[in-house]
Amino acid sequence: MRLLRRTGQGVSKGLLITNVRLVDGHSDFRGDLYIEDGLISAVGRGLRIPDADVLPGGGRTLLPAFVDLHAHFRDPGYPEKEDIESGSAAAVHGGYTAVAVMANTNPVCDRPEIATYMQEKAARAGLIELYPLGTITRGIAGEELSNMDGLAPHIWAFSDDGRGVERPNVALLAFRRAAALGRPIAEHSEYRGIDDPALAEEVMVNRDLLLARRTGCALHVEHVSSVGSVELISAAKRDGVPVTCEVTPHHLCLEPGYIVNPPLVPREVRERLLAALASGVIDAVATDHAPHTAADKEKGAPGISGIETAFPLLHSRLVRTGQLDLQSLVRAMAARPARILGLNKGSLEPGRDGDVVLIEEDEEFTVTEDWLLSRGKNTPLIGQRLRGRVWATVRRGQVVHLDGKTFGRDFDDHRSIV
Ligand SMILES: [Zn+2]
């Protein structure tokens, strides 16, 4: 099936996407978008570009591609759960072109060679840009600092995700070192000794905000799940403390029941988290994509394989029900995480990276195990009907996913589908 066509006879200059509704954080209109040399070059109505590949948008909605601050690709170490190829395919299927991956692999990413292995493998797969995190402590044991100086040039932040750094003096040393290296600390805020989950989170958020305030180190709070944390972060932001934070799609949308860390929360808490996301106190949606085998999940492994369902879930449950407007969701999934990672992505202005997605807003589809490209089929959404499927994903002007098929290096480039 020919999905792209070519205008003129010359060598293609770029990709023209026609007849779409273009939505980003500050605009919403119908028209076309043209990407040349990997960058958005023009937006407008009735664009005419000689010698361009044309992707007819068919009236679909075009958004900036999503940026994920928090995913587990399980590579190196757990290919039965996921690896960088399958994780990359799942990411572009979900509309993500840039993904920050956590360090709790095997071996853990506590030295530069592991980070470069991840990035080289992602580059070979050719689908996404991958941004590793490095561990705060050696072996994620919480005892002594990792090779933070060696890791710093290869990573965007330090995190022991899966565990919080419990020892106060280890945390203090880490914040000081990270501040000197100009990298954030991304904290999995949970004191395991406290069996009230909200309080276990708030105690660590409170300590870390104090450490950020005293050391000047940027703090990123992962998967915020309590109203108390939101209040602490909001007050710290008003005081100018360098703090950002994220919330997951499942903490915004799903009823308690499925096993996740931190645990899913009741409706009143979800409503407060949503209000904080809409107001910008919570900066970003991050998936915490956590693929597991069926056997591991049965044994109680926490987490949801969620990078492919993030947008459809949020669109179906929050945007279509009028609780969140589409532009706010785009800011939370694209513009703000891109700013946190320091990327030239997240909006449709000319000059930004040519990373966009085309969404089918109205057609219903069913989430099935086969539909998921991730090896992790662990999601409570199997069998559910959602709207907001990502039909196409474009990275720097290359179609990397179209209608459930991915086009990475192995598939030559997107011209193989011309
Ligand atoms: Zn975590």
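In each ligand, atom 1 is the first atom listed, and ligand 1 is the first ligand listed. Note that the coordinates shown come from a computational prediction; the quantities given were computed from them, not determined experimentally.
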* Asked: Taking all non-hydrogen atoms of both residues, which atom of T61 and which atom of L326 are closest, and how far apart?
  -> CG2-CD2, 4.3 Å
* To do: Answer yes or no as to whether an N/O/S atom of H70 is found below 2.8 Å from the Zn ion (ligand 1).
  => no
* Asked: With H292, which of K297, H72, K81 fulfils side chain to side chain donor-acceptor pair (under 3.5 Å)?
  -> K81
* Asked: So R385 and T366, side-chain hydrogen bond (donor to acceptor under 3.5 Å, both in side chains) or not? Walk me through it.
  -> CA-CA 4 Å; R385 297 181 72 74; T366 303; 2.7 Å; yes
* To do: Please examine the side chains of Q323 and R317, heavy atoms only from C-beta on, and report whether any two atoms are closer than 4.5 Å.
  => no
* Taking just the N, O or S atoms of H188, which one is nearest to the Zn ion (ligand 1)? -> ND1
* **Proximal heteroatom of D161 relative to the Zn ion (ligand 1) (N/O/S)** => OD1
